[in-house]
Amino acid sequence: MLELLHVNPSSGEPIYRQLTEQIIHLIVGGQLPTDTVLPSVRQIAAHLSVNPMTVSRAIQQLVDQGWLERRRGQATRVAANTPKTTASPEALLAPQLADVLANARQLGLSLSQLQVLLAAQWQQLDSDEK
Amino acid sequence: MEQDALLELRDITKQFDGKTVLNGLSLTLYPGMVVGLLGANGAGKSTLMRVALGIVAADSGNVRILNESPMALSAKTKATIGYVAQQPFGYEGFSVAQALSLHRSFYPNWDQALEQDWLQRFDLDGKTAVQKLSIGQRQSLALIMAMAYRPKLLLLDEPVASLDPVARRRFMADLFDLALESGSAVLFSSHITSDLERVASHVALMKNGELMLMRELDELREQLRIVTLGHDSLPELPSSVSVLAHKGRTLLIDGYQGEVIADAQSCLPLNLEQLFMELHP
């Protein structure tokens with residue numbers, strides 16, 4: 001699963017948070033089914049060339065939140081009962097939506113104008129896929 | 001932190017020819033820290049390291065390195081400190097293997113397997129004469145010489161500038177191993193902010209001989225924001241927020257906790273390069 005993980009250290013966003021968000025998305029999106037064994041902290045850190053403490057922090061946070069589980073002496077796995085409340089599409093999209101809204105307001109768009117733009121993009125994507 | 005500091009600088013001041021190079025600087029390093037030292041040329045980064053090591057004496061202030069005074073280091077303690085200066089380095093007339101052999105004799109904890117491993121990785125041939133090495137190769141050799149005995153404290157002055165990206169990344173992985181497995185602390189200066197973003201647990205930012213910031217990197221990313229204001233005047237700010245720089249409609253703030261900033265048209269996180277640029281207008 002290492003190839004599924006990417007970080008951008010220069011984005012200004014904490015690396016541990018980039019990692020937790022990605023892993024949650026992978027779990028919710030089904031790429032990481034229940035019981036998938038995660039690579040070790042060392043392997044992830046070496047693959048991404050980031051500080052292992054950062055990776056360890058991300059994994060710990062996911063264990064605390066119930067996304068991953070770690071039984072004594074065993075590798076970390078995707079938990080059987082992942083937290084459904086935070087896993088809703090709404091919750092996962094919220095940060096990006098907030099960014100879009102902030103930008104739209106800065107540009108002086110109204111809600112209806114934004115909705116028009118969104119619908120246009122949606123249709124564009126639909127026709128691109130056909 | 002409960003552990004003992006590996007390096008402690010208190011209120012260090014240093015002048016050269018009447019020019020202040022370090023101005024009341026304090027910095028403490030604990031085990032496990034990988035501190036990226038960032039600052040413009042002439043900000044005092046090299047002098048800070050030289051003062052820490054006792055190569056030059058501070059005019060005032062107090063230095064403790066591995067619980068000893070840098071001006072009276074015991075041989076035993078010296079053998080647990082690693083340092084790579086900006087300009088290496090002697091050993092002219094030696095081959096790489098001869099230079100390493102001499103160097104090795106000073107360090108009882110030298111790890112021969114590690115040395116061989118790194119020689120191979122950096123593609124250094126023991127038979128090559130030291131003066132025939134390229135700058136990047138010399139830097140690699142200097143790193144091997146400073147790290148093969150797994151020092152408790154490692155000071156690196158622009159150690160990777162001449163290494164290619166692949167060698168840099170591998171070298172950084174070694175830094176982690178050292179810091180985390182051996183409980184060592186690393187202080188390294190670099191202008192390559194993208195490296196610092198990956199490696200550093202903490203960032204120390206120097207300007208004009210003073211320490212402007214010394215913070216955990218993730219904390220810095222969460223609490224620093226660059227704000228574009230609607231007007232030139234400074235709006236009323238939340239009490240947790242402090243101003244690092246304010247020029248025209250651009251505002252750099254610290255201590256941000258997700259509050260609403262009045263008159264802000266945008267409020268964005270920034271990376272180290274942006275931070276550096278904003279602090280050096």
Side-chain angles (χ1 to χ4, degrees), chain A residues 2-3 5-24 39-65 76 86 91 94-110 114, chain B residues 31-36 165-181 186 192-203 215-230 256 258 260-261 264-276 278:
Chain A
L2 281 176
E3 67 283 358
L5 297 176
H6 303 277
V7 293
N8 176 3
S10 303
S11 74
E13 191 183 353
I15 294 175
Y16 82 90
R17 208 189 293 147
Q18 296 182 34
L19 268 178
T20 53
E21 274 174 20
Q22 268 178 49
I23 294 174
I24 290 174
S40 70
V41 166
R42 281 186 74 105
Q43 286 170 319
I44 299 177
H47 173 72
L48 299 171
S49 297
V50 299
N51 195 320
M53 295 287 273
T54 308
V55 178
S56 166
R57 186 173 175 187
I59 300 291
Q60 187 55 47
Q61 194 171 329
L62 292 169
V63 169
D64 291 345
Q65 292 173 351
T76 308
T86 50
Q96 283 100 319
L97 283 178
D99 281 351
V100 171
L101 283 184
N103 272 319
R105 286 196 175 181
Q106 196 185 325
L107 293 167
L109 293 182
S110 69
L114 181 62
Chain B
M33 278 189 179
V34 179
V35 181
V166 175
R168 272 178 15 226
R169 287 219 182 166
R170 287 195 180 142
F171 158 72
M172 285 188 272
D174 293 329
L175 277 190
F176 301 138
D177 283 351
L178 183 74
L180 300 177
E181 279 169 22
V186 180
I192 306 174
T193 53
S194 60
D195 282 353
L196 290 182
E197 304 259 17
R198 282 179 190 278
V199 195
S201 64
H202 293 69
V203 170
R215 203 80 66 77
E216 225 182 296
L217 184 51
D218 277 336
E219 202 181 294
L220 206 68
R221 289 181 175 124
E222 278 170 345
Q223 302 191 343
L224 251 54
R225 286 294 180 272
I226 179 113
V227 180
T228 306
L229 297 168
Y256 178 74
V260 173
I261 307 292
Q265 296 195 328
S266 69
C267 177
L268 300 168
L270 68 176
N271 63 32
L272 288 179
E273 182 165 332
Q274 290 169 302
L275 172 64
F276 187 82
E278 291 302 328

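Quantities reported herein were computed from a predicted structural model and do not represent experimental measurements. Here is how names work: the chains are called A, B, and so on, in the same order as the sequence lines, proteins then strands, and each is numbered from 1.
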Winner by heavy-atom pair count (cut-off under 4.5 Å) against chain A, out of B:Q265, B:E273, B:Q274, B:E219: B:Q265
Partners meeting side chain to side chain donor-acceptor pair (under 3.5 Å) with B:S194 (sequence neighbours left out): none
Heavy-atom contact with chain A under 4.5 Å, split by part of B:A200: backbone
Which portion of A:R42 sits near chain B, non-hydrogen atoms under 4.5 angstrom: side chain
Approximate separation, where rounding is to 0.5 Å, of A:I15 CD1 and B:L217 CG: 6.5 Å
Among the listed options B:R198, B:E197, B:R169, the residue most often paired with chain A at heavy-atom distances under 4.5 Å: B:R198
Worked check of side-chain contact (heavy atoms from CB on, under 4.5 Å) between A:M53 and B:S201: CA-CA 8 Å; A:M53 295 287 273; B:S201 64; 5.8 Å; no
Partner set under side chain to side chain donor-acceptor pair (under 3.5 Å) for B:E222, not counting sequence neighbours: A:Y16, A:R17
Separation of A:S10 OG from B:L270 CG (nearest 0.5 Å): 11.5 Å
Short N-O contact, A:R57 and B:E216, less than 4.0 angstrom: yes
B:N271 side chain vs A:G12 backbone, donor-acceptor pair below 3.5 Å: no
Choice from A:P52, A:A45, A:P9 maximising heavy atom contacts with chain B below 4.5 Å: A:P9
Between CZ on residue B:R221 and OG on residue A:S11, distance to nearest 0.5 Å: 7.0 Å
Nearest atoms (heavy-atom pairs only) where A:N51 meets B:V199: ND2-O, 2.9 Å
